[in-house]
Amino acid sequence: MAKFVYDFTEGNKDLKDLLGGKGANLAEMTNLGLPVPPGFTITTEACRHYLAHGDLPEGLNDEIDAHLAALEERMGRRLGQADDPLLVSVRSGAKFSMPGMMDTVLNIGLNDESVHGLAKQAGGNERFAWDSYRRLIQMFGKTVLGVEGFEEALDELKGSRQDTDLTVDELRELVRTYKRLAPGFPSDPREQMRMAIMAVFDSWNSERAVLYRRQERIPADLGTAVNICSMVFGNCGDDSGTGVAFTRDPASGRQGVYGDYLSNAQGEDVVAGIRNTISLQELEELDKGAYDELMAIMATLENHYRDLCDIEFTVERGKLWMLQTRVGKRTAAAAFRIATQLVDQGLIDLDEALRRVNGDQLAQLMFPRFAKDADRKLVTKGMNASPGAAVGKAVFSSERAVELAAKGEDVILVRRETTPDDLSGMIAAKGILTSRGGKTSHAAVVARGMGKTCVCGAEELEVSISDKRFTGPDGVEVGEGDLISIDGSTGEVFLGEVPVVDSAVVEYFERGELSDELVTAVDRIMRHADSKRALGVRANADTPEDASRARRFGAEGIGLCRTEHMFLGDRRQLVEDLVLATDREERQAALDALEPLQQADFTGIFQAMEGLPVTIRLIDPPLHEFLPDIIDLSIKVAAGDATDKDRELLAAVKRLHEQNPMLGLRGVRLGLVIPGLFAMQVRAIAEAAKQVPGARAEIMIPLVGAVQELEAVREEAAKILSDAGVEALIGTMIEVPRAALTAGQIAEAAQFFSFGTNDLTQMTWGFSRDDVEAAFFSRYLELGIFGVSPFETLDRDGVGRLVRIAAEEGRKARPDLKLGICGEHGGDPDSVHFCHEVGLDYVSCSPFRIPVARLEAGRAALETGGSDTR
Ligand code: ADP
Ligand code: MG
Ligand code: MG
């Protein structure tokens, strides 16, 4: 029979799929001999069964009973036993951490009788017992029964006092009030436990959990485990407390422990910002014994996991208990720094360091930062919780953040502290600013996870949610809609919009200077990635400036040089002449005028690339894209102030009008219909190549669907090249499904293929990007039809299949066929991995994505057991 329950002594850290991260790591710590309160874990499999069938799998209840009995035996107390109760927590815990997104209930087992037993256990400490009881009803009521109003009742009773100032009588009164609020609260301890388990299972599908998973791309079908853990108490006096800590600073990656501690408190108090926390250094003064043990345990954990760990712990009357650990989330900068620190400490090798960073993190490090020398009005400084430079209008509620962001406005979400209910607003905002809470607060943890800029704990700010404004030192006042700038790397908050400049990492790519530890870490890992990768990395660049920048970023060639921008600006006139030409001569005159301009464009690019290959795509878009707008022209003509040329143009625009321009007269079709057009471009390329010694041109014909199309233009091009005495490869884009399906034939006429995966995606799915993204993508994402937009990440099953077919059949027909990709996907981490797997020669992407592609190509090589292939 299936086993659904594991004692903490039975699991280990590698069983995250089954036991969730929390359960697996509680087991790991238990096995390491660390002080973990005993307990057991109900598997994710049980959860999946429950979610699919609406009831618990057969045998689960018996198994729970057996494990509970063993736990009771071991602890010498029964769950909720009136005179000497065992209390437990019922805790969610999925494979991937979802901070605060699901439910946990503490102090299960208390009722009107056992509350006295608990007081007796604590040496007659009634205050502690009643505090625990009110916490149980509050958490149970809110998460299991869905009742609101507890916090308000507590605030009302407290007034301006702190929760620790409440007397026994007041707490007893509070319990009565709470019970009135939550009449469904069961007094039977086993029933409490049963209902809490179901609630944790159900919380997997809570609105905020669903939203978080979508944001973080966590699969929706994993389910959560449930951990039943015997209670230890941080709320039984000043010699007790609860805390969270990191073995290194998760924001900067700086070496040395970091954490927050709150005495006489329980569970979430420390992250919820109800009272001001103290640092670990202050804990040392408060309780040296517990502190020393904590340090020793943190060192053990780092060495064991060989990584930054975050932990949750409780001190009960001087005794330290470990309640959670995991390999901690960190910022992008911290990820790079920590990885190389661990290499230097001999804990991991460079391969492992490369595995532990990713392209998204590198991209984040390339975001601009605020200019230091700009005229800036500093309001205050909070904690640098999650880096980045964010500018936007201040908003004071999640709803407003979502509303304005939907209109395309940049907003900064300002709150006293955030709760899981703020998730949608945090996603919508450019940055998050809170006046309470430390680096371990909800806002900080979630923002770091999302890579969103966050300044937290800016305590000088007085935030009024109801008035929609905050005030700061020197009478500064900021209301809804006022622009502010927040710097998540320094914690600074500025009035107005502060201008931004290149990040240190971009400067490093531009100039190669190793200015600080972060940049040095990036440099080491990039070098290692380059030494591992099999894929080449090229740039999509159309100008000498872009080409030069791309080279500084590491491009080994240009994979896509579009020629259409060369028909814009002043040259529109010439294109108009070309379209309006009524005979061969007029047409040739227009082309002759364009040729030297094109040639100069290519010369500049060849010079910038200094002998690296440059793939030039002949003109691709439909010609009417270069003509004036049909509506403008019609108005002009109707208004009677049009010239003859305007009238001619209008006629031409009407003639060229297409229902479906994406599927119209473009690409190779243009070359075949407008004599001399492609020839002019090829001549310009040949002449430019002659002028720049070492120039390596590759001529790419777009939108080919049949080998005959390619043959027809190829012949003419080859002749022009040989007449000019220039050698250049001639190849094609594979972007029409038919081309992919007949790649074997096409390869007979093509020296290289470059997958144009934007068009290939559009044509494979049968939708055009511009039309569908706004129209129905969000719905499709919601329905799970896509995990992610196929324009962002290459759709492996569909589009990817065509790529595989074309690569295989192309290479069969022509073994030395060069294969690359030049769509947006070339700079997308997952798609880069795909390209490596298919065995392409290179990816080509925009200059700013080149470092990302290099890094991911290196990581992809590690995954396939890559050796030093370059
Ligand atoms: P989350 O996943 O939201 O962090 P947890 O299950 O970790 O939820 O519970 C939150 C906090 O509750 C823990 O950090 C810990 O402080 C407290 N807690 C949970 N279980 C116990 C326990 N058995 N004894 C004491 N405190 C507990
Ligand atoms: Mg926790
Ligand atoms: Mg295309």
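Keep in mind the model is a prediction, meaning the values are calculated, not measured. Counting convention: from 1, in listed order, for ligands and their atoms alike. These numbers come from the heavy atoms of this one structure, side chains and all, not from hydrogens, waters or symmetry mates.
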Among protein heavy atoms, which lies nearest [atom], and at what distance?
| atom | answer |
| --- | --- |
| atom 9 (O) of ligand 1 | Thr104 CG2, 3.6 Å |
| atom 10 (C) of ligand 1 | Glu268 OE1, 3.4 Å |
| atom 4 (O) of ligand 1 | Glu312 OE2, 3.5 Å |
| atom 25 (C) of ligand 1 | Val232 O, 2.9 Å |
| atom 2 (O) of ligand 1 | Lys22 NZ, 2.7 Å |
| atom 12 (O) of ligand 1 | Gly267 CA, 3.5 Å |

Discussion item. Between the side chains of Asp307 and Arg326, is the shortest nitrogen-to-carboxylate-oxygen separation below 4.0 Å, so that they form an ion pair?
Written reply: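 Result for this pair is no, no salt bridge flagged.
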Discussion item. For a quick test of reading the model, state the closest non-hydrogen atom pair linking Leu68 to Arg190 and the distance between them.
Written reply: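 Answer, listing the atom of Leu68 first, then Arg190: CD2-CD, 4.0 Å.
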Worksheet item: What heavy-atom pair brings Ala129 and Val115 nearest, and what distance separates the two atoms?
Response: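 Smallest heavy-atom distance, with atoms named: CB-O, 3.4 Å.
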Discussion item. Under 2.8 Å from the Mg ion (ligand 2), is there any N, O or S atom belonging to Thr104?
Written reply: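 Short answer: no, not a single N, O or S atom is under the cut-off.
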Discussion item. Which residue in the set Arg161, Arg127, Arg176 passes salt bridge (charged side-chain N to carboxylate O under 4.0 Å, His left out) when paired with Glu170?
Written reply: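 Running salt bridge (charged side-chain N to carboxylate O under 4.0 Å, His left out) over Arg161, Arg127, Arg176 with Glu170 returns exactly one hit, Arg161.
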Worksheet item: Angle class for the Tyr178/Phe150 ring planes (parallel below 30°, perpendicular above 60°, tilted otherwise)?
Response: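 Rings of Tyr178 and Phe150: perpendicular, as their planes differ by over 60°.
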Ligand 1 atoms in contact with [X] (distance to a heavy atom under 4.0 Å):
| X | answer |
| --- | --- |
| Ser89 | 19 (C), 20 (N), 21 (C), 22 (C), 23 (N) |
| Cys229 | 23 (N) |
| Gln324 | 4 (O), 7 (O) |

Side chain, backbone, both or neither: the part of [X] lying under 4.0 Å from ligand 1 by heavy atom:
| X | answer |
| --- | --- |
| Gln266 | neither |
| Ser230 | backbone |
| Thr242 | side chain |
| Leu106 | side chain |
| Met231 | both |

Worksheet item: So Lys158 and Asp163, salt bridge (Lys or Arg N to Asp or Glu O under 4.0 Å) or not? Walk me through it.
Response: CA-CA 7 Å; Lys158 235 173 27 178; Asp163 63 317; 5.5 Å; no
Worksheet entry | Rounded distance [0.5 Å steps], CG in Asn264 versus OG1 in Thr242 |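 Asn264 CG to Thr242 OG1: 11.0 Å, rounded to 0.5 Å.
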Fill in: Separation of Arg254 CZ from Asp249 CG (nearest 0.5 Å)
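Taking CG in Asp249 and CZ in Arg254, the distance rounds to 6.0 Å.
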Worksheet item: Is there at least one pair of N or O atoms, one from Arg91 and one from ligand 1, spaced under 3.5 Å apart?
Response: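 Such a contact does occur with ligand 1.
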Discussion item. Check this for me - ligand 1, Leu323, N or O atoms closer than 3.5 angstrom, yes or no?
Written reply: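 Among all N and O atoms of Leu323, none is under 3.5 Å from an N or O of ligand 1.
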Practice prompt. Walk me through it: do Thr325 and Met29 pass the test side-chain contact (heavy atoms from CB on, under 4.5 Å)?
Written response: CA-CA 8 Å; Thr325 192; Met29 286 199 292; 3.7 Å; yes
Practice prompt. Taking the Mg ion (ligand 2) as the reference point, name the nearest N/O/S atom of Glu312.
Written response: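 In Glu312, the N, O or S atom with the shortest distance to the Mg ion (ligand 2) is OE1.
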Discussion item. Would you say the rings of Phe233 and Phe128 are close, in the sense that their centroids are separated by under 6.0 Å?
Written reply: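 Ring centres of Phe233 and Phe128 closer than 6.0 Å.
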Practice prompt. State, with a plain yes or no, whether a side-chain heavy atom of Tyr291 is found less than 4.5 Å away from one of Leu286.
Written response: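 Tyr291 vs Leu286: side chains apart.
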